[in-house]
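First up is the structure itself, then whatever we jot down about it.
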Number of protein chains: 2
Amino acid sequence: MKVTIKDIAQKLNINFSSVSRALNNKPGVSDETRRLVVKTAKEMGYRPNVIARGLVSRTTKTIGVIIPDIINPLFGEITTGIIETANLSDYDVFLCISNWDCDKEKDYINAVQQKQVDGMIVKSVCNENASLLESAVVPVIGLESWTANNKFSSVSTDNIKGGYLAGKHLIDCGYRKAAIFSGPENSSASQFRRQGFINAFREQELHFDDTKFCVGEYDIESGYNLAKQLLEEHPDTDSIFANNDVIALGILQYLEEKGIKPGKDIGVIGFDNIRMAGLPQIQLTTVKQPKHSLGRIMVNLLLDEIKNHSDKNQHYPQRILLEPELIVRGTTSKQS
Amino acid sequence: MKVTIKDIAQKLNINFSSVSRALNNKPGVSDETRRLVVKTAKEMGYRPNVIARGLVSRTTKTIGVIIPDIINPLFGEITTGIIETANLSDYDVFLCISNWDCDKEKDYINAVQQKQVDGMIVKSVCNENASLLESAVVPVIGLESWTANNKFSSVSTDNIKGGYLAGKHLIDCGYRKAAIFSGPENSSASQFRRQGFINAFREQELHFDDTKFCVGEYDIESGYNLAKQLLEEHPDTDSIFANNDVIALGILQYLEEKGIKPGKDIGVIGFDNIRMAGLPQIQLTTVKQPKHSLGRIMVNLLLDEIKNHSDKNQHYPQRILLEPELIVRGTTSKQS
DNA sequence: TATATTGAAGCAAACGTTTGATGACAGGAG
DNA sequence: CTCCTGTCATCAAACGTTTGCTTCAATATA
């Protein structure tokens with residue numbers, strides 16, 4: 001049976017509030033009773049019921065995390081960063097997987113609030129939920145969800161710069177007929193990456209052919225299918241910027257099957273720098289995101305907002321941008 | 001401000017218990033008040049406080065999941081299966097990452113119980129925590145943690161059979177001087193895989209050289225390092241059974257760098273069948289685990305035990321074994 | 001008409017904590 | 001000897017629900 005504060009009090013013939021104060025190191029109990037309480041609490045195997053505590057303190061030391069996918073190692077690493085950082089401050093994490101589904105995301109946003117989380121971190125997959133997030137009763141940190149007049153803070157890799165790095169690198173290598181493979185969302189992330197990419201082309205007074213902006217899913221199959229489709233329709237394409245590494249892996253799969261050599265016959269650059277990208281068999285050129293840092297910084301920001309949540313008026317949404325980094329490997333190379 | 005059941009009651013000038021009954025479709029309220037309550041509850045944006053509800057119902061509709069690593073896609077897929085299945089029954093998931101650390105695992109086991117989870121799923125990384133799990137106040141399902149006299153149920157791929165499939169396949173291909181690369185744990189999983197593997201050798205009256213049972217971590221680097229070490233010390237090794245695909249990827253990385261052709265010069269077989277294993281550049285022969293099913297079945301088993309948790313006496317720990325499947329790809333082939 | 005039956009509403013306890021208010025008692029100052 | 005101060009303990013309310021019990025009026029039954 002679960003032992004409560006009252007069980008301890010009864011056993012010691014004292015009032016249960018003394019037990020509470022003793023256990024929480026609050027003043028108002030003599031050293032002797034305190035020692036005694038602590039001792040018997042341990043003996044009886046007492047574990048505070050944090051949900052009862054939460055009822056009165058109105059905090060649960062829990063944050064909700066809503067992400068679209070946990071199999072993609074990008075989110076795996078970000079989530080690891082989130083959980084590790086949260087744990088340092090004794091917070092636990094409700095993990096929810098929206099599976100890129102807008103309705104499911106909406107349900108989760110409501111559900112975690114019902115569970116009285118102290119705050120949430122959301123990688124939103126659609127704009128329709130923006131107002132739901134803005135009207136949340138707890139602080140919200142968005143991952144890659146900055147829009148012009150955001151009501152909540154957001155952390156992201158600098159996607160414009162990341163896109164630019166990708167574009168610039170392709171140009172430097174001599175590629176001129178590039179394509180972009182984007183994920184499904186019309187989120188800021190993919191727009192910014194595209195924008196940065198095109199900026200790089202403009203800067204050199206080069207033209208990016210908009211018909212080569214291809215939208216698919218964020219998975220291997222999609223990369224494979226888009227590559228097939230694109231290269232059949234536009235065989236002159238000389239390079240592809242995949243919006244994430246998983247898509248790029250799909251591209252590489254198609255190229256391998258067709259005997260097209262990435263880096264030689266066609267340039268491929270990804271985004272994220274998941275671990276697989278560095279394998280010698282893959283050697284994917286990519287733009288690195290500081291994945292663990294993203295998680296860590298989001299949590300720190302969130303905990304800070306939780307702390308100051310009472311004085312609403314002094315809350316200004318922040319936008320934090322982390323630096324991307326170009327990682328050059330074998331799937332791109334100087335064209336002669 | 002958060003709106004409570006009492007706010008609604010006050011607005012409607014009725015008692016708050018009627019509101020509760022109305023909202024929960026319990027008898028004892030007239031249809032008219034029920035309609036009225038439901039309507040104003042919606043208008044006022046009422047969201048039940050599930051933790052207060054949990055205090056009285058003594059359940060939280062939450063399960064704790066403790067796994068060692070979320071970046072490995074194996075656990076990513078299992079976790080996805082867990083979360084999706086749990087959600088179907090309106091359960092949420094506390095996700096904890098032990099990072100293969102025994103102490104951290106212990107802390108988590110205690111922490112999730114304090115948070116009053118209704119049950120937990122644990123992939124334990126060390127035997128020391130067995131008693132902690134057995135004395136848990138809530139049902140526990142182990143992932144790959146069956147021992148002779150288990151007190152809690154456990155779900156696992158049939159690792160003996162999986163090991164056997166791997167061994168048999170290597171033998172069928174003509175490999176005779178095999179090595180095993182194991183993860184760190186002395187858990188049942190790795191022991192069973194080894195045992196099955198050796199059974200296959202015994203069955204053919206072949207000898208497995210025990211000095212080639214190598215213990216490392218479950219990551220790419222470890223696979224790389226073990227491969228380097230093994231092949232320098234035992235250059236006659238003709239095949240390696242990696243206890244998971246990530247280790248195998250590390251092996252392939254080493255082989256690639258050395259110009260050794262997997263499947264031709266040396267056989268490599270993994271375990272899990274993560275998605276990367278099927279990439280044409282990788283083509284890793286492996287033993288497939290039904291990852292999503294593992295998650296699903298663990299949750300169903302757990303929810304069942306939660307339902308019947310009251311009558312302790314009729315609780316018999318079950319052991320559920322799922323079928324592994326050999327997936328033959330390019331890193332093994334018939335030797336002449 | 002008197003009594004039993006029903007249905008709807010209200011009351012209050014309980015879940016396990018935290019915490020402000022109150023009380024008892026001792027020791028020190030005047 | 002009285003008054004004040006401070007320490008430690010108890011009391012009780014509160015957090016937001018659920019739920020058993022009671023009350024009350026209206027209706028049905030005899």
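Just so it is clear, the values below take in all heavy atoms, side chains as well, and ignore hydrogens, waters and symmetry mates. Letters A, B, ... are given to chains in the order of the sequence lines, protein chains preceding strands, and every chain is numbered from 1.
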Worksheet entry | Test item: side-chain donor near acceptor, B/N110 and A/R47, under 3.5 Å | yes

Any donor-acceptor N/O pair, [X] side chain to [Y] backbone, under 3.5 Å:
X	Y	value
B/T33	B/S30	yes
A/T60	A/Q116	yes
A/T4	A/K6	yes

Worksheet, complete the sentence: Under a 4.0 Å heavy-atom criterion, the protein footprint on nucleotides 4-17 of chain D, written with B, S and -, is ----SBBBB--BBB

Worksheet item: How are the rings of A/F94 and B/F94 set relative to one another: parallel (under 30°), tilted (30 to 60°) or perpendicular (over 60°)?
Response: parallel

